[in-house]
Amino acid sequence: MGNDVQQHSDQGIEIRPITRDELAVWDRAIGRGFLRPHIAPAMEWREIIFESGRMQAAFDHSDPTPDGPRCVGTFRSFDTELTVPGGARLTADAITAVTVSSTHRRRGLLSGMMRSDLAAARERGLPAAILIAAEYNIYGRFGFGPATRSTGWRVDVLRAGGLRAGLPVHDGHRIDFVTLEEVRKLGPELYDRWRLTQPGAIGRPEHWWRLRTGDIDLPGFEWKEGFTALHRTADGTVTGLINYTVDEKFDGAYPDCPLNVRDFLALDQQTANALWKLAFSVDWVRRVIVPTLRPDDPLPLLLNDPRAAVPHEDDADFTWLRLLDLPAAFAARQYTAPGRLVLDVTDPEGWTTGRWALETAADGTGRLARTEDAADLALGVGALATLYLGGDTATRLTAAALVTELTPGAATRADTLLRPARTPWNPDSF
């Protein structure tokens with residue numbers, strides 16, 4: 001992005017990166033954009049995440065305040081790692097804090113900030129960008145497509161009857177509650193091992209752990225300590241973590257407490273079984289609420305009565321993906337079968353438009369290269385992003401007229417090649 005400045009001369013609006021001195025006014029504009037009451041600027045947090053050139057703003061010079069032009073739009077990006085099928089990590093441009101004041105909508109401010117950022121990401125050689133969409137219909141026009149879902153469960157503990165007897169666990173394992181200092185020390189390494197197993201997961205920088213263990217005070221961020229337990233195998237290796245809170249609630253004289261799972265990491269199913277057993281055995285708890293979990297996680301099937309688990313209200317699309325460099329992205333992931341598929345891709349910016357041949361080998365590797373061959377599937381780059389991580393199937397997108405099958409059976413072949421071992425999931429907002 002550098003120090004590029006975009007002038008909207010007919011409107012008196014300037015789009016440019018902010019300086020450190022403008023963090024407070026930028027912070028106020030974010031609150032206004034997200035319809036939140038303004039709280040004193042969280043300057044410690046803003047200073048920690050500040051990166052020169054990566055926080056944009058739109059300034060209106062036509063009606064300035066005594067302190068300068070009005071900040072009427074905000075935009076931030078930062079680099080993170082995105083796990084793809086097979087465990088490789090792509091460096092992705094993570095986009096957040098996107099707002100435009102309601103007084104300045106329909107003036108191209110979002111488009112200006114977005115296109116500037118995506119172009120800069122391509123110049124830096126990044127193969128992809130990600131964001132979380134507050135509204136479904138905004139980001140498709142920039143080439144993004146929904147790539148992961150946030151799925152959760154609400155479980156009636158008494159109706160569930162606990163976990164089934166005999167579920168496998170590690171011999172000699174132990175589970176211990178730990179302090180916040182221990183979480184900051186041991187959690188990052190565990191998470192970095194876990195995210196290699198989960199397509200769609202992103203990195204957690206140091207300040208993520210500090211914020212969620214109370215080491216940073218961020219006004220407006222609702223935090224309470226809760227309980228964190230670590231799972232260790234017999235040799236002392238940390239293989240899992242659960243963090244939860246319990247709301248003290250009674251129905252008359254009877255306990256009726258919900259247990260709210262905030263973080264759940266398990267390197268294998270034996271660890272997951274042990275941690276779920278802990279969650280379902282806490283005294284006074286009548287409901288276990290898991291707001292987000294991998295869509296194909298077997299949790300309901302671990303219960304004596306799976307019907308006791310009902311979908312959580314926040315089941316929806318979550319991470320959106322924008323592919324910027326198709327050959328780099330498709331070379332990074334692994335594939336489930338050998339084959340060849342030709343894609344006719346359209347891109348609103350023209351960056352990935354054209355015909356591409358995907359060739360995959362029996363060892364799971366693959367490559368994507370331009371071709372003049374006839375296409376098997378026609379689709380937009382946003383739909384291609386949905387297929388890339390395996391968040392949906394080509395057959396389903398074809399039925400929804402989001403993909404066009406040009407060769408009979410091509411959608412099924414695409415699903416055979418692209419299907420991941422695990423459904424993509426990202427547990428973290430950003």
Judged by atom type as modelled, is there a donor-acceptor pair below 3.5 Å linking the side chain of [X] to the main-chain atoms of [Y]?
X: Gln198; Y: Thr423; value: yes
X: Glu22; Y: Thr19; value: yes
X: Arg70; Y: Asp63; value: yes

Between the side chains of [X] and [Y], does any donor sit under 3.5 Å from an acceptor?
X: Thr148; Y: Asn426; answer: no
X: Thr213; Y: Asp215; answer: no
X: Asp363; Y: Thr365; answer: yes
X: Thr292; Y: Trp425; answer: yes
X: Thr237; Y: Thr239; answer: no

At what distance, to the nearest 0.5 angstrom, does [atom1] of [X] lie from [atom2] of [Y]?
X: Glu182; Y: Leu230; atom1: CD; atom2: CG; result: 7.0 Å
X: Ile15; Y: Arg115; atom1: CD1; atom2: CZ; result: 11.0 Å
X: Leu23; Y: Trp45; atom1: CG; atom2: CH2; result: 13.0 Å
X: Leu377; Y: Leu343; atom1: CG; atom2: CG; result: 6.0 Å
X: Arg28; Y: Thr74; atom1: CZ; atom2: OG1; result: 14.0 Å
X: Leu324; Y: Thr352; atom1: CG; atom2: OG1; result: 8.5 Å

Using a 6.0 Å cut-off, check whether atom [atom1] of [X] has over 12 heavy atoms from anything other than its own residue.
X: Arg367; atom1: CZ; result: no
X: Arg141; atom1: CZ; result: yes
X: Glu47; atom1: CD; result: yes
X: Arg154; atom1: CZ; result: no
X: Arg396; atom1: CZ; result: no
X: Gln269; atom1: CD; result: yes
X: Phe78; atom1: CZ; result: yes
X: Arg20; atom1: CZ; result: yes

Quick one: does [X]'s side chain get under 4.5 Å of [Y]'s, heavy atoms only?
X: Met55; Y: Ile49; result: yes
X: Arg54; Y: Asp79; result: yes
X: Leu186; Y: Val178; result: no
X: Tyr139; Y: Arg322; result: no
X: Tyr244; Y: Arg262; result: no
X: Arg212; Y: Val183; result: no
X: Leu379; Y: Leu402; result: no
X: Ile132; Y: Ser429; result: yes

How about [X] and [Y]: are their ring centres within less than 6.0 Å of each other?
X: Phe250; Y: Trp284; value: yes
X: Phe264; Y: Trp194; value: no
X: Phe330; Y: Tyr388; value: yes

Please step through side chain to side chain donor-acceptor pair (under 3.5 Å) for the pair Thr103 and Ser101, ending with a clear verdict.
CA-CA 5 Å; Thr103 54; Ser101 294; 4.7 Å; no
Determine whether Arg422 and Asp296 satisfy the following criterion, salt bridge (Lys or Arg N to Asp or Glu O under 4.0 Å), listing intermediate values before the conclusion.
CA-CA 8 Å; Arg422 278 189 167 188; Asp296 58 348; over 6 Å; no
Working note: Asp235 + Thr233, criterion side chain to side chain donor-acceptor pair (under 3.5 Å); need CA distance, chi angles, decisive distance, verdict.
CA-CA 5 Å; Asp235 64 359; Thr233 53; 2.6 Å; yes
Which of parallel (below 30°), tilted (30 to 60°) and perpendicular (above 60°) describes Tyr191 and Trp208?
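Rings of Tyr191 and Trp208: parallel, as their planes differ by under 30°.
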Return the orientation label for the His173 and His231 ring planes: parallel under 30°, perpendicular over 60°, tilted otherwise.
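Rings of His173 and His231: parallel, as their planes differ by under 30°.
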Trp26: which residues meet the ring pair (Phe, Tyr, Trp, His ring centres under 6.0 Å) condition with it, sequence neighbours left out?
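Checked Trp26 against ring pair (Phe, Tyr, Trp, His ring centres under 6.0 Å); zero matches.
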Would Asp93 and Arg124 count as a salt bridge (Lys or Arg N to Asp or Glu O under 4.0 Å) if you check the C-alpha gap in whole Å, the side-chain angles of each, and the deciding distance to 0.1 Å?
CA-CA 10 Å; Asp93 182 55; Arg124 296 198 308 276; 3.4 Å; yes
Arg333 to Tyr335, cation-pi by 6.0 Å centre distance and 45° axis angle:
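The answer is yes; both the distance and angle limits are met.
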Knowing that exactly one of Ile138, Thr319, Ile95 qualifies, which makes a side-chain contact (heavy atoms from CB on, under 4.5 Å) with Leu131?
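By the side-chain contact (heavy atoms from CB on, under 4.5 Å) criterion, Leu131 pairs with just one of Ile138, Thr319, Ile95: Ile95.
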Residue pair Leu387 / Ala394: nearest heavy atoms and the distance that separates them
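What the structure gives for the nearest pair is CD2-N, 3.4 Å.
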